[in-house]
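Everything below concerns the one structure shown next.
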Amino acid sequence: MIERIKSRLKKRQPYGRYQHTLGVVKAACDLAEHYGISVDKARLAALLHDYAKDLTEHELKKYIEVHKLEVDQSLYETYELLHGVVGAHMAKTEFGIHDEEILQAIRYHTTGRLHMEPLEKIIYLSDFIEENRNYPGVEALRKLAYEDLDKGLLQGFNNTIRFLLATDKVIHCNTVKARNQRLKDLAKK
Ligand SMILES: [Fe+2]
Ligand SMILES: [Fe+2]
């Protein structure tokens, strides 16, 4: 299964994206091991998280319509976020993956959401800390991710929201909800 997915990915992803995918796989497997969750599930979710990323806006929207995927209006209008929901559906139909934890981790890696499962948190964070990422603060975030998943995640969401504000982009409500919930969860610790 892993080799079949890899050879399909190599065909559909440009070199840089494929390297990013392999980086996310490595980070996700490490984090899964660190936090005692299934490394096999982390590997599959990471491998497929950007499976639909190279589709055009038209292709993504067409796919959503043809397969009648449930997508809220603000997600539908934000092209950058759509590859999560489409990728999760493709993981199910093209590779026969029915594990809900894996599918949700793929689906919500573009926005986060309330009540994220550990695997979702790991995939969301791995996307930002994989070894090919290079931006101010990435080292600190890598360290935080291993210290406390929720602390790392809060920082990840803060970075995303800051970037979206600075570039005048839409902030999906699930991202705000997920960010705020980290504050509540951290206050309880
Ligand atoms: Fe993505
Ligand atoms: Fe990614």
Side-chain angles (χ1 to χ4, degrees), residues 2 5-6 8-32 39 41-61 63-64 69 71-72 74-95 97 101-113 116-135 137-138 141-142 145 149 152-153 155-164 167 169-176 178-179:
I2 298 291
I5 296 173
K6 279 187 176 170
R8 195 85 66 89
L9 281 170
K10 267 190 232 164
K11 276 183 210 140
R12 62 185 290 144
Q13 290 187 333
Y15 179 79
R17 176 103 54 229
Y18 185 61
Q19 293 310 307
H20 161 69
T21 296
L22 295 182
V24 176
V25 169
K26 206 165 157 193
C29 289
D30 279 354
L31 279 176
V39 173
K41 287 190 187 191
R43 184 179 296 111
L44 273 176
L47 263 179
L48 289 166
H49 85 285
D50 275 345
Y51 190 69
K53 176 106 178 184
D54 296 292
L55 297 180
T56 63
E57 180 166 6
H58 177 75
E59 287 167 333
L60 286 165
K61 288 187 169 169
Y63 191 96
I64 287 166
L69 304 188
V71 173
D72 65 63
S74 122
L75 195 81
Y76 189 78
E77 286 167 359
T78 314
Y79 160 59
E80 293 89 338
L81 305 177
L82 293 177
H83 67 278
V85 59
V86 171
H89 191 268
M90 287 177 158
K92 188 154 54 171
T93 53
E94 288 189 31
F95 298 103
I97 293 171
E101 279 183 70
I102 296 175
L103 297 178
Q104 280 166 352
I106 300 169
R107 179 180 176 125
Y108 293 108
H109 88 272
T110 59
T111 55
R113 63 163 177 158
M116 289 169 81
E117 299 293 337
L119 186 62
E120 289 173 53
K121 294 179 180 179
I122 282 174
I123 298 301
Y124 187 90
L125 256 181
S126 299
D127 210 3
F128 289 101
I129 63 166
E130 60 97 357
E131 62 190 11
N132 301 292
R133 295 279 196 205
N134 187 10
Y135 54 86
V138 70
L141 184 54
R142 283 186 184 120
L149 211 43
L153 214 52
Q155 186 64 55
F157 283 126
N158 284 348
N159 290 350
T160 301
I161 291 169
R162 261 189 230 111
F163 170 79
L164 294 171
T167 52
K169 292 210 169 115
V170 169
I171 304 170
H172 194 273
C173 62
N174 281 351
T175 307
V176 177
R179 183 260 178 190

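Quick note: numbers below take in every heavy atom, side chains included, and nothing from hydrogens, waters or symmetry partners. Just follow the structure's listing: the first ligand is 1, and inside any ligand the first atom is 1.
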Checking the side chain of [X] only, and the main-chain atoms of [Y] only, is there a donor and an acceptor separated by less than 3.5 Å?
X	Y	result
H109	I106	yes
R107	G87	no
R12	Y51	yes
H20	R17	no

Open item on the list: For Y124 together with F157, are the ring centres under 6.0 Å from each other?
Closed with: yes
Open item on the list: Using a 6.0 Å distance limit plus a 45 degree cone around the ring axis, check whether K61 lies over the aromatic ring of Y76.
Closed with: yes
Open item on the list: Just to be careful: counting only protein atoms that are N, O or S, how many fall under 2.8 Å of the Fe ion (ligand 1)?
Closed with: 3
